[in-house]
There are 2 protein chains.
Amino acid sequence: MRESATRTKILDVASRLFYEQGYNSTGINQIIAEADIARGSLYNHFPSKRDLLTAYIQQSEDLWFAELDKFLESINDPKLRLLALFDFRAEKQLRSNFGGCQFTKIIAEMPKDDLNAFELVRHQKERIKNYIKDLLQQIDLKQPQVLSTNMLIDALFLIMEGATSSASVYKHVEAIRTAKQIANELLDIEPVSQRSSL
Amino acid sequence: MRESATRTKILDVASRLFYEQGYNSTGINQIIAEADIARGSLYNHFPSKRDLLTAYIQQSEDLWFAELDKFLESINDPKLRLLALFDFRAEKQLRSNFGGCQFTKIIAEMPKDDLNAFELVRHQKERIKNYIKDLLQQIDLKQPQVLSTNMLIDALFLIMEGATSSASVYKHVEAIRTAKQIANELLDIEPVSQRSSL
DNA sequence: GTCTATAGCTGGATAGAC
DNA sequence: GTCTATCCAGCTATAGAC
């Protein structure tokens with residue numbers, strides 16, 4: 001059974017609108033108008049707006065990592081791949097005109113008791129953390145490190161999350177570029193080397 | 001001219017609901033019901049819902065830094081004060097049952113062309129950065145540092161932002177505690193010291 | 001300044017024809 | 001499966017009495 005073209009069209013339009021306008025600010029009416037389909041067709045494929053949201057988050061996660069793999073495919077060195085993760089997020093923010101992280105954004109709109117939405121978003125975040133972890137384990141880190149490997153994973157993840165958030169607040173890519181520089185320093189510690197310190 | 005009690009009541013109720021349910025999910029009807037005032041009174045004090053939002057963000061910023069000052073008042077050492085910033089955010093997240101950052105949350109709900117809201121939120125973020133900067137300049141950092149002072153400011157800010165976001169996604173304070181540990185390491189670099197590195 | 005009544009619209013969802 | 005017509009609840013905002 002192949003994917004219905006109608007279903008695909010609905011999900012594509014809804015995904016764009018959910019991200020650009022927010023989930024709560026996007027009405028069924030606008031979705032069916034822009035997808036140019038009937039109200040009944042939407043409810044045939046998605047029993048409720050909530051089901052449409054679930055499909056949106058799941059498909060977005062798949063697309064996100066597919067895009068990432070493509071973005072990194074020409075880079076072999078694990079350290080450069082790790083740093084390019086920041087470029088990837090910068091590029092996505094630039095392209096979306098600084099709409100912020102799709103997943104974090106949804107969470108901000110959901111009531112706290114919506115366990116399903118939180119679970120879906122955590123899934124994507126865990127995948128990012130694992131991505132970082134895998135790359136980090138391929139890197140031959142100098143000894144001694146400022147941060148233990150586990151703390152380094154967390155630090156890189158948190159800096160990346162904070163930078164994406166900050167970029168969308170400031171509508172500027174600077175925070176993500178800075179985050180990349182910080183990551184580079186943290187990954188390239190030569191304890192006794194000369195560094196500007198003030 | 002003293003602050004109207006009605007106005008205060010409206011703003012208090014709206015602030016709570018905007019944060020707990022989101023701005024878009026909170027209706028005027030609920031605000032007037034819970035504040036136990038008439039519809040006309042609300043529109044007398046706040047010409048539109050949007051004006052209520054502006055007042056909410058501005059008052060929240062004032063309260064935020066007042067709470068912070070109070071939280072830190074018994075701590076004198078600048079490094080401990082800086083680290084306690086993480087405790088402050090952890091405490092706030094715990095108290096709100098991990099509702100996330102009030103300011104970032106609003107941004108996630110706003111259309112990108114709402115310049116006013118973005119400006120108000122940036123104002124609060126800049127104040128945090130300046131708070132970090134001021135404290136950092138009072139700390140006698142060891143030489144050489146892994147990160148320059150400017151990068152250290154950014155790193156601490158981004159880690160704090162990322163951790164607050166992550167805490168609200170995971171509904172757990174762990175990310176902020178980890179962020180504090182990372183901050184502590186970054187502030188206390190002794191380049192040649194023994195550290196667990198794997 | 002505070003109140004009630006209501007306008008004018010849009011929200012999500014359902015029913016039933018084809 | 002796709003369509004149109006429609007329900008009802010909710011929204012923001014205004015008008016006008018007191």
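For clarity, every value in this text was computed on a predicted model and none was experimentally measured. Chain A is the first sequence line, chain B the second, and so forth, proteins listed ahead of strands; every chain is numbered from 1.
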Span of DNA chain C in contact with chain B (heavy atoms, under 4.0 Å):
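Reading along DNA chain C, I get C/dG1 to C/dT6.
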I want to check a possible cation-pi pair here: [X] against [Y], using under 6.0 Å from ring centre and within 45° of the ring axis as the test.
X	Y	value
B/R127	B/F65	yes
B/K125	B/F118	no
A/K49	A/Y56	no

How many whole angstroms separate atom [atom1] of [X] from atom [atom2] of [N]?
X	N	atom1	atom2	value
A/N44	D/dT4	CG	C1'	15 Å
A/Y43	D/dT6	OH	C1'	13 Å
B/D51	D/dA13	CG	C1'	13 Å

Counting only heavy atoms not in A/R122, do more than 12 sit closer than 6.0 Å to its CZ atom?
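Above 12, so yes.
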Under a plain distance cut-off of 3.5 Å, with no hydrogens placed, do B/R81 and B/N76 share a side-chain donor-acceptor pair?
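There is no such pair (donor and acceptor under 3.5 Å, judged by atom type) between the side chains of B/N76 and B/R81.
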Judged by atom type as modelled, is there a donor-acceptor pair below 3.5 Å linking the side chain of A/D51 to the main-chain atoms of A/S48?
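Indeed, once roles are kept as given, a pair shorter than 3.5 Å links the two residues.
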Show the numbers, then the answer: is there a side-chain contact (heavy atoms from CB on, under 4.5 Å) between B/M160 and B/I176?
CA-CA 7 Å; B/M160 198 180 294; B/I176 305 182; over 6 Å; no
Using a strict heavy-atom distance below 4.0 Å, which residues from residues 7-14 of chain A are in contact with DNA chain C?
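Going residue by residue through residues 7-14 of chain A, none turns out to have a heavy atom under 4.0 Å of DNA chain C.
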Please give me every residue in residues 15-32 of chain A whose heavy atoms get under 4.0 Å of an atom in DNA chain C, ordered by residue number.
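By residue number: A/T26, A/G27, A/I28, A/N29.
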If you pin B/T6 and A/G40 to their nearest nucleotides in DNA chain C, which one's is more 5'?
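The 5'-side residue here is B/T6.
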Between B/F18 and B/K105, is there a side-chain heavy-atom distance shorter than 4.5 Å?
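B/K105 does not reach B/F18 side chain to side chain.
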With a 4.5 Å cut-off on side-chain heavy atoms, are B/E61 and B/I57 touching?
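Answer no - side chains too far apart.
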Check A/K70 with A/E73, please: is the shortest side-chain N to carboxylate O separation under 4.0 Å?
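Salt bridge absent between A/E73 and A/K70.
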